[in-house]
Amino acid sequence: MGLKRAGAVFYAERLYSVLVGALFILIITRNLSTSEFGAWGVVSSILSYASLATIVNFWVTRFRARGESSVLSSGLLLSLIFSLAIMVLLFIFSHEISTAFGIPYEVVLVSIAYLPFYYANSALYSSLYAVNPALAAVSEFVFETVKLAAAVFFATTSTVTLFTAMLAVLAGNAGQTAALLFFTHNDLRYKPSFETIRRILAYSWVNALSIPSSIIALMDVPLLSHFTSNQVVAYYTIVLTYTNLIGYSYVLGKGLYPSLLSNSDSASEKLDEILRFTFLLGVPTMVGAIVLAPNLLYLLNPQYTVASPVLRVAALTALIGVFNGILSDTVQGIESKDAEKIHPKMLARTHIFRITVIGVARALIGIAGVSVVILALRDGVQTALYARVSWLVAEAFVTISLYRMVKGILNKRSFAYSLTKYFLASVPMSLLVFWINPWRIRETFLAVVVGATVYFATLYILDKWFRRTARLVVQELRHKVFNG
């Protein structure tokens, strides 16, 4: 139950994040035009580029999981240096960014203020995640709560604009920083180790190879914005509101990576358990998004209903991405060559390097497809749809590549058996929610509650593993309630 308990705590916190995040996005989408929402997507892409140097915190997690307490302060020092340098660079080009993408200048300026929090949170989170994934999840709870509170404040005291929406998210980041500092205060007693900093920088060459893939992958939104319109960007990005829910099922397996780092024994059994647990919720969430695509988009804004096919493709892509994420965590978690101090060149012989190469190939396949779509279609919902298809193809490539690396660990029969049961249990759920046909928020909540009840009831009949897990959960809850 250890891995499942960690994942369950993480998922419980993420569900809260989903609920308050949904309220936040409703406030935003009902007050911003599609062009403004698209501009927000462009700003997010720019910030993603500006945050690329946080890749060094990959080693903060690995070193901390193996007992190096000074790695947090060392990572924070690096974060401070990187964030200050990139802030200066963005400020120099702030006018050009505003003009090129049609973003208000004050929005560009406030986005620059995100960077110190992004970098600090990355280092703090990476260290905390290595030793206590559940508390790392709680910090995200704080982020969502503060963000929503700020959005409600602006909605009730003034007006919601792109600028105030950005301020609300900035407040959330600051709240998360405060929480992470509190949770990691014991590790902050250690002074930065320049030997640790040297190792982080020396080893990060392999992560630096992923920067081209990140840059390439993040080109989709700027390309769509520049060569088509921000309305296409809105159709392309609005679906993330719901596909993120599918992606959140990945957090059910968040305990796998640090567990394998500290002890890679029984890797096959751990992977099998996590895949069962993750797809338990991932499959019905994806099926629900596909069946209710127009209804879900209508809730945000009736203008987005035409993007239903985009959401369906993105939903399938998201579930495949969850599978790929778990396989990637497994491959990197069982890698042990870096457990001792080794020459940086030796990393080229590790799975960490191979995962990086796969990421570069994924980005090239995805962005090549997006470019072809832009040249062929130029504008409209079809552009957003086939741009999403490009990433579906890219994720399929990653799945094939990762499978070759884990086929000796992956219990294929067990996974296929579980997946079949989940899809079978989703059939009556789908028929029921389709019949309810919700177009309002209250109706949607009804569909979710009733659909989930039918799904889990059906699965309880079909799957022995789920019956056993459900009984263990009930027993543990009873123990906590009656024994404290």
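We find the CG-CD1 distance between L218 and I211 to be 11.5 Å, quoted to the nearest 0.5 Å. If you take CD on E68 and CG on D187, they are separated by 11.5 Å, rounding to the nearest 0.5 Å. Interatomic distance, I290 CD1 to S308 OG, rounded to the nearest 0.5 Å: 12.0 Å. With rounding to the nearest 0.5 angstrom, the OH atom of Y248 is 15.5 Å from the OG1 atom of T278. For the atom pair Y16 OH and L19 CG, the distance stands at 8.5 Å (nearest 0.5 Å). Here the CG atom belonging to L319 is positioned 10.0 Å from the CG atom belonging to N324, to the nearest 0.5 angstrom.
A salt bridge does not link R354 with E335: none of the charged nitrogens is closer than 4.0 Å to a carboxylate oxygen.
Counting heavy atoms of neighbouring residues, nucleotides and ligands inside a 6.0 Å radius, atom CZ of F58 exceeds 12 of them. Shown here is R467, whose CZ atom has more than 12 heavy atoms of other residues, nucleotides or ligands within 6.0 Å.
Remark: the backbone N or O of T356 is not paired with any side-chain donor or acceptor of S210 at under 3.5 angstrom. The backbone N or O of F117 lies less than 3.5 Å from a partner atom in the side chain of N121, making a donor-acceptor pair. Of the possible polar contacts, none joining the Y236 side chain to the V310 backbone as a donor-acceptor pair under 3.5 Å is found. Side chain of S426 to main chain of Y422: a donor-acceptor pair is present (N/O by atom type, distance under 3.5 Å, no hydrogens or angles). Using modelled atom types, no side-chain atom of D272 and backbone atom of S268 make a donor-acceptor pair closer than 3.5 Å. Although no hydrogens or angles enter the test, the distance criterion places no donor-acceptor pair under 3.5 Å between the side chain of S127 and the main chain of A123. Judged by distance alone, with hydrogens and angles left aside, the side-chain atoms of R189 form a donor-acceptor pair with the main-chain N or O of N186 at under 3.5 Å. No donor-acceptor pair under 3.5 Å is formed between the side chain of T458 and the backbone N or O of A425. Listed for the S371 side chain is a donor-acceptor partner under 3.5 Å among the backbone atoms of I367.
Looking at heavy atoms from C-beta onward, V56 lies in side-chain contact with F82 at the 4.5 angstrom threshold. Residues F183 and V138 form a side-chain contact, since some pair of their non-hydrogen atoms from C-beta on lies under 4.5 Å apart. Considering only heavy atoms from C-beta on, S204 comes within 4.5 Å of W59 through its side chain. Side-chain contact between L410 and L275: present, with at least one pair of heavy atoms (C-beta onward) separated by less than 4.5 Å. A heavy-atom distance below 4.5 Å is not found between the side chains of R62 and Y203. Residues Y190 and T196 are not in side-chain contact: their nearest non-hydrogen atoms beyond the backbone lie 4.5 Å or more apart. Looking at L201 and L78, their side chains come closer than 4.5 Å, going by heavy atoms from C-beta outward. Put simply, the side chain of V169 reaches to within 4.5 Å of the side chain of F24, judged on heavy atoms.
No hydrogens or angles considered: nothing links the side chains of Y125 and Q176 as a donor-acceptor pair under 3.5 Å. A donor-acceptor pair shorter than 3.5 Å cannot be found between the side chains of Y235 and T383. For K421 and Y417, the side-chain atoms include at least one donor-acceptor pair closer than 3.5 Å. Under 3.5 Å, the side chains of S414 and R276 contain a donor-acceptor pair of N or O atoms.
Between S70 and K191, the shortest heavy-atom distance links the atoms CB-O, 3.8 Å. Contact detail for L90 and A50: the closest heavy-atom pair is CD1-CB, 3.9 Å. Across A363 and S213, no two heavy atoms sit closer than the pair CB-O, 3.2 Å. Taking both residues in full, the closest heavy atoms of S74 and S193 are given as OG-N, 2.9 Å, listed atom of the first, atom of the second, then distance. When all heavy atoms are compared, the tightest approach of T61 to A130 is O-CB, 3.4 Å. The two atoms that bring P258 and K254 nearest to each other are CD-O, 3.3 Å, heavy atoms only.
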task = Starting from the C-alpha separation in whole Å, work towards a yes-or-no answer on side chain to side chain contact (heavy atoms under 4.5 Å, CB included) for L280 and Y455.
result = CA-CA 10 Å; L280 170 68; Y455 170 77; 4.1 Å; yes
request  = Evaluate the side chain to side chain contact (heavy atoms under 4.5 Å, CB included) criterion for residues I200 and V71: first the C-alpha distance (whole Å), next the side-chain angles of each, then the deciding distance (0.1 Å), finally the verdict.
outcome  = CA-CA 9 Å; I200 289 175; V71 72; 4.0 Å; yes
query = Yes or no on side chain to side chain contact (heavy atoms under 4.5 Å, CB included) for M166 and S111, after CA distance, side-chain angles and deciding distance?
reply = CA-CA 7 Å; M166 293 286 294; S111 69; 3.7 Å; yes
key: side-chain hydrogen bond (donor to acceptor under 3.5 Å, both in side chains) between S51 and Y114, worked out   = CA-CA 10 Å; S51 304; Y114 278 48; over 6 Å; no
request  = Evaluate the side chain to side chain contact (heavy atoms under 4.5 Å, CB included) criterion for residues W391 and V370: first the C-alpha distance (whole Å), next the side-chain angles of each, then the deciding distance (0.1 Å), finally the verdict.
outcome  = CA-CA 8 Å; W391 292 111; V370 171; 3.7 Å; yes
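Using cut-offs of 30° and 60° for the angle between ring planes, the Y129 and Y257 rings count as parallel. Between Y460 and F466, the ring-plane angle classifies as perpendicular under the 30° and 60° cut-offs. Aromatic ring orientation, F323 versus F279: perpendicular (interplanar angle above 60°, classes split at 30° and 60°).
With sequence neighbours excluded, the residues that form a salt bridge (charged side-chain N to carboxylate O under 4.0 Å, His left out) with E195 are R198.
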